[in-house]
2 protein chains.
Amino acid sequence: MGDVFKALADPTRRTIMDELSQRDDQTLFEICSRLATRHGLGLSRQAISQHLEVLESCGLVISRREGRYKYHRLDPSPLQQLSERWPVRPRQEEP
Amino acid sequence: MGDVFKALADPTRRTIMDELSQRDDQTLFEICSRLATRHGLGLSRQAISQHLEVLESCGLVISRREGRYKYHRLDPSPLQQLSERWPVRPRQEEP
DNA sequence: ACCATAGGCAAGCAGCCACTTGCGTGTCAA
DNA sequence: TTGACACGCAAGTGGCTGCTTGCCTATGGT
């Protein structure tokens, strides 16, 4: 089981999450090409693959195999622990 | 300006945030001793100081000087961008 | 059967990061 | 003023990590 916070630390992984956020069920190659064209990232396929591994190991991305394709989608639910751990109380009033 | 996500990546920093979360306005030495006694962390003063710097540079901790003391408090408001960026939609219903 | 496609495994490398150590600065009390 | 206390600055170091490179497996089309 991976660390959600460490997974969020990398800007590339956050961009991957953005990409999956607005289009679910993408394969590795799709993500690669869309990152290149739409976000200007020129990373190798393995780099993206390793990032997806990290995101999967902490539950932020769920994958499903179908033949030789592997589809990925975002699952933001692990992020809930965050707002529960440090609730954003409204600014403290001072008399 | 620091990176909120990178700041959250370190377990020690999260523990510091926990500590400040339940007791505001602590000095560096207070945080050191409370981390040691209550959380079992035996880190040097500078280590904690550097962590506080990181937390301050991204707005998660706000400090105020008073003579030779420097009081710290937690400000969770930078965490809001998180739930806005990847909203936790309720699990997708499938017919 | 053959080959292209989608993806996985593993080693190697460079840069970063958390932590320590040692010294310096400013503030308060006696 | 002298010394103790709270904190800051800077250099050095070991380990982690993001990325590449090269090779391998498996699935599907023709």
Side-chain angles (χ1 to χ4, degrees), chain A residues 1-20 23-37 39-58 60-74, chain B residues 1-20 23-37 39-58 60-74:
Chain A
M1 206 52 176
D3 187 336
V4 182
F5 301 96
K6 281 189 179 175
L8 288 171
D10 188 87
T12 304
R13 278 195 287 270
R14 297 198 292 263
T15 310
I16 293 179
M17 290 174 64
D18 289 335
E19 180 55 39
L20 285 179
R23 180 193 272 215
D24 264 356
D25 283 319
Q26 294 195 52
T27 69
L28 175 57
F29 274 54
E30 279 182 271
I31 298 175
C32 282
S33 63
R34 287 179 65 103
L35 281 183
T37 61
H39 303 268
L41 291 186
L43 290 180
S44 72
R45 176 179 55 88
Q46 283 76 359
I48 311 288
S49 177
Q50 286 163 12
H51 281 307
L52 286 172
E53 270 186 82
V54 174
L55 290 171
E56 240 185 300
S57 78
C58 67
L60 281 171
V61 160
I62 298 180
S63 69
R64 151 183 63 95
R65 278 217 81 126
E66 214 160 282
R68 58 176 164 177
Y69 299 101
K70 188 178 178 188
Y71 298 99
H72 305 265
R73 65 180 172 83
L74 183 67
Chain B
M1 204 52 174
D3 187 337
V4 182
F5 301 97
K6 280 189 180 174
L8 287 171
D10 189 89
T12 304
R13 277 196 288 270
R14 297 198 293 264
T15 309
I16 293 179
M17 291 174 63
D18 288 335
E19 180 55 37
L20 286 179
R23 180 192 272 216
D24 264 356
D25 283 319
Q26 295 195 52
T27 69
L28 175 56
F29 273 54
E30 281 182 89
I31 298 175
C32 282
S33 64
R34 286 180 64 102
L35 281 184
T37 62
H39 303 268
L41 290 187
L43 290 180
S44 74
R45 176 179 56 87
Q46 283 77 359
I48 312 289
S49 176
Q50 285 163 13
H51 281 309
L52 286 172
E53 270 187 82
V54 175
L55 290 171
E56 239 185 302
S57 78
C58 66
L60 281 171
V61 159
I62 298 180
S63 69
R64 151 183 63 96
R65 279 217 79 126
E66 215 160 279
R68 58 176 164 176
Y69 298 101
K70 188 177 178 188
Y71 297 98
H72 304 265
R73 67 179 172 82
L74 182 68

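Residue numbering restarts at 1 for every chain, and letters A, B, ... go by the order of the sequence lines.
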Practice problem: Would you mind reading off the distance between A:L28 atom CG and C:dT5 atom P, rounded to a whole angstrom? | Solution: 15 Å
Practice problem: Give the minimum heavy-atom separation between A:R14 and B:D3, together with the two atoms involved. | Solution: NH2-OD2, 3.0 Å
Quiz item: Do A:Q50 side-chain and D:dT20 base share a donor-acceptor contact under 3.5 Å?
Solution: yes
Quiz prompt | Rounded interatomic separation in angstrom, taking CZ from A:F5 and P from D:dC16 | solution = 21 Å
Quiz item: Is there a side-chain polar atom (N or O) of A:T27 under 4.0 Å from OP1 or OP2 of C:dT5?
Solution: no
Quiz item: Over how many whole Å does the gap from A:L52 atom CG to D:dG18 atom C1' extend?
Solution: 14 Å
Quiz item: Atom CG of A:D10 and atom P of D:dC19: how far apart are they, to the nearest Å?
Solution: 6 Å
Quiz prompt | Any B:S49 side-chain nitrogen or oxygen under 4.0 Å from OP1 or OP2 of D:dG8 | solution = yes
Exercise. Measure from the side-chain heavy atoms of A:R45 and tell me the nearest of D:dA6, D:dC23, D:dG8.
Key: D:dC23
Quiz item: Within a strict 4.5 Å, meaning less than it, do heavy atoms of the A:K70 and A:R65 side chains meet?
Solution: yes
Self-check item: Interatomic distance, A:D3 CG vs D:dG18 P [rounded to whole Å]
Solution: 12 Å
Quiz item: Between B:R13 and B:K6, is there a donor-acceptor pair closer than 3.5 Å when you use the side chain of the first and the backbone of the second?
Solution: yes
Quiz item: Are A:K70 and D:dT27 close enough that a side-chain N or O sits under 4.0 Å from OP1 or OP2?
Solution: no
Practice problem: Name the closest nucleotide to the B:R68 side chain, picking from D:dA4, C:dT20, C:dG8. | Solution: D:dA4
Quiz item: Does A:T37 use its side chain to pair, donor to acceptor, with the backbone of A:S33 at less than 3.5 Å?
Solution: yes
Quiz prompt | Distance test, side-chain N/O of A:S44 to OP1/OP2 of D:dT20, below 4.0 Å | solution = yes
Quiz item: Of all the choices, D:dT17, D:dG18, C:dC19, which nucleotide is nearest to the side chain of B:L43 once you look at every atom?
Solution: C:dC19
Quiz item: What's the CG-C1' distance between A:L41 and D:dT20, to the nearest Å?
Solution: 16 Å
Quiz item: Hey, is the side chain of A:K6 poking within less than 4.0 Å of OP1 or OP2 on D:dT17, counting only N and O atoms?
Solution: yes
Practice problem: May I ask you to verify if any side-chain N or O of B:H51 is less than 4.0 angstrom from the OP1 or OP2 atom of C:dC17? | Solution: no
Quiz item: How many Å lie between OH on A:Y71 and C1' on D:dT27, as a whole number?
Solution: 13 Å
Self-check item: No-H, no-angle donor-acceptor pair, B:Q46 side chain to C:dG22 base, under 3.5 Å
Solution: yes
Self-check item: B:I48 CD1 - D:dC9 P separation (whole Å)
Solution: 17 Å
Self-check item: Shortest non-hydrogen contact from A:V54 toward A:S57
Solution: O-OG, 2.9 Å
